[in-house]
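The sequence lines fix the lettering, A, B, ..., with proteins before strands; numbering per chain opens at 1.
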Number of protein chains: 2
Amino acid sequence: MKRLTTQRQAILDLINASNRHWDAEEVNRELADRGHSVGIATVYRGLTALEEAGLVASIQLADRKRYERADKQHHDHMICTECGAIEEFSHHKIEALQEAAALEKGFEMSGHQLVLFGRCARCVGESTERGKL
Amino acid sequence: MKRLTTQRQAILDLINASNRHWDAEEVNRELADRGHSVGIATVYRGLTALEEAGLVASIQLADRKRYERADKQHHDHMICTECGAIEEFSHHKIEALQEAAALEKGFEMSGHQLVLFGRCARCVGESTERGKL
DNA sequence: AAATTAAATGAGAATGGTTATCATTCCGAT
DNA sequence: ATCGGAATGATAACCATTCTCATTTAATTT
């Protein structure tokens, strides 16, 4: 029960070979482009299976779920509302304080999701440039 | 432009009169039950309009968006993965550290979303009870 | 107050990400 | 080689949300 099939291996290889945050559609397109076309349903099931196995990680954004490599240290995300870029950051103190807040409410924490929204350095820079011209 | 119509007032009253986190469907049903039935599209548009006007606040969860009163101090949420209960908490230090993390990346932060997942005190208690019997 | 104009409503169609269905194929274990 | 439980793929179904568009409502102007 729970097999690492050819298709799942292809999905896993794809994700492991990059630092991107992939959604199902992108994985599907990329595999197709590489000639290993896989049914979209299989992609969804594969991503779920891989995540359950701890082989990939995910962030659930408002509109879609995105998957990334699991072999990184824990981190949270900053998303640029202008260009969509996703940056990662981690702050051990924030983690600790979350635990503290949970404890205070008698809450048995199993996970969390922290996303910062704003404009990335590049977009801020570009709009500043434009302002100067 | 942007009117506080009868329908929107009804939605606003509903939300203001409770501490719940409502989704569009629930608002729709509750209004119908009270005899002020409103089209579901109007509920969605109304909630959006009220939020833009700063009259209600929202949290975007994976599956659906939920709305709550806006007249509370800023807070984040803990969601019980067992019973679905939503609790609120706030921690000024976490906020400060988020800003710091953003700054460090040259990120111009405009907002954030922090959600803790786990089991609420009640659900933890109940499963402990069952264990004892 | 009547006319004008912009915004809001409601019903239903459409969208888009994701999951379910089901017949078929694959793979591991007997 | 066979049996049985997974996985696959195509497609239908789901479900929250948005869009369309004809109609109604309300604010503004004459």
Side-chain angles (χ1 to χ4, degrees), chain A residues 1-15 20-68 77 79 84 86 113 115, chain B residues 1-15 20-68 77 79 84 86 113 115:
Chain A
M1 56 180 73
K2 180 77 52 166
R3 297 173 188 158
L4 189 50
T5 61
T6 318
Q7 289 89 336
R8 292 181 180 173
Q9 187 66 60
I11 295 172
L12 180 58
D13 289 346
L14 187 62
I15 292 173
R20 290 183 48 181
H21 298 75
W22 302 78
D23 67 23
E25 185 55 37
E26 290 167 348
V27 169
N28 185 241
R29 251 205 321 281
E30 183 64 24
L31 290 181
D33 287 353
R34 297 187 181 190
H36 321 113
S37 185
V38 167
I40 185 67
T42 301
V43 171
Y44 276 103
R45 281 181 300 226
L47 288 169
T48 303
L50 290 171
E51 181 173 22
E52 281 170 359
L55 299 174
V56 300
S58 74
I59 27 168
Q60 170 75 57
L61 303 186
D63 49 338
R64 46 165 52 65
K65 198 168 184 180
R66 289 185 171 277
Y67 294 83
E68 61 180 321
H77 297 89
I79 298 181
I86 301 179
Q113 167 103 51
V115 181
Chain B
M1 54 181 74
K2 181 75 53 164
R3 297 175 188 154
L4 189 50
T5 61
T6 318
Q7 289 89 336
R8 292 181 180 175
Q9 187 66 60
I11 295 171
L12 180 57
D13 289 347
L14 187 63
I15 292 174
R20 290 184 47 181
H21 298 75
W22 302 81
D23 67 24
E25 186 54 39
E26 289 168 348
V27 169
N28 186 240
R29 252 205 321 280
E30 182 64 23
L31 290 180
D33 288 353
R34 298 186 181 190
H36 320 114
S37 184
V38 167
I40 186 67
T42 301
V43 171
Y44 276 102
R45 282 180 301 224
L47 287 169
T48 303
L50 290 171
E51 181 173 22
E52 282 171 358
L55 298 174
V56 301
S58 75
I59 28 167
Q60 170 74 57
L61 303 185
D63 50 336
R64 49 171 43 72
K65 199 167 184 180
R66 290 185 171 276
Y67 295 83
E68 62 181 319
H77 298 90
I79 299 182
I86 302 180
Q113 168 101 52
V115 181

| said: Whether B:Thr5 contacts C:dT9 is assessed here as follows: a side-chain N or O lying under 4.0 Å from the phosphate OP1 or OP2. Is that the case? | reply: yes

| remark: Comparing B:Thr6 with B:Arg64, nearest DNA chain D nucleotide closer to 5' gives the residue B:Arg64

| Interatomic distance, A:Arg3 CZ vs D:dG4 C1' [rounded to whole Å] | 9 Å

| query | For residues 49-57 of chain B, which residues have at least one heavy atom under 4.0 Å from DNA chain C? | reply | none

| field | Residue-level proximity of residues 27-45 of chain B to DNA chain C when a heavy atom falls under 4.0 Å | value | B:Val38, B:Gly39, B:Ala41, B:Thr42, B:Arg45

| task | Using modelled atom types only, decide if a donor and an acceptor are shared between the side chain of B:Arg66 and the backbone of B:His21 within a distance under 3.5 Å. | result | yes

| query | Any side-chain heavy atom of B:Arg20 within less than 4.5 Å of one from B:Ile86? | reply | no

| said: Rounded at 0.5 Å granularity, tell me how far CD in B:Glu26 sits from CD1 in B:Ile15. | reply: 10.5 Å

| said: Rounded to whole Å, how long is the line connecting atom CZ of A:Arg8 with atom P of C:dT25? | reply: 19 Å

| Which whole-number value in Å describes the distance from B:Ile11 CD1 to C:dG10 C1'? | 13 Å

| request: Mark yes or no for whether A:Asn28, through its side chain, and A:Val38, through its backbone, hold a donor-acceptor pair below 3.5 Å. | output: yes

| request: Report which part of the nucleic acid B:Asp23 touches: base, sugar-phosphate, or nothing (heavy-atom distance under 4.0 Å, all strands). | output: nothing

| said: Whole angstroms only, please: what is the CZ-P distance between A:Arg66 and C:dG17? | reply: 10 Å

| said: Could you tell me if the side chain of B:Glu25 sits less than 4.5 Å from the side chain of B:Arg64, heavy atoms only? | reply: no

| Between D:dA27 (P) and B:Lys2 (NZ): distance, integer Å | 15 Å

| message | Test side-chain hydrogen bond (donor to acceptor under 3.5 Å, both in side chains) on B:Glu68 and B:His77; report intermediate values, then the result. | response | CA-CA 12 Å; B:Glu68 62 181 319; B:His77 298 90; 3.2 Å; yes

| query | Whole Å only: how far is the CD atom of A:Gln7 from the P atom of D:dT8? | reply | 5 Å

| field | Separation between NE2 of B:His36 and CD1 of B:Ile11, rounded to the nearest 0.5 Å | value | 12.0 Å

| note | A:Leu47 atom CG is separated from C:dG17 atom C1', nearest whole Å, by 13 Å

| said: I'd like to know if the side chain of B:Gln7 pairs up with that of B:Thr42 as donor and acceptor (distance under 3.5 Å, no hydrogens or angles considered). | reply: no

| query | Whole Å only: how far is the CD atom of B:Glu26 from the P atom of D:dC15? | reply | 15 Å

| request: Kindly indicate whether the side chain of A:Gln60, heavy atoms from C-beta on, has any atom under 4.5 Å from the side chain of A:Gln113. | output: yes

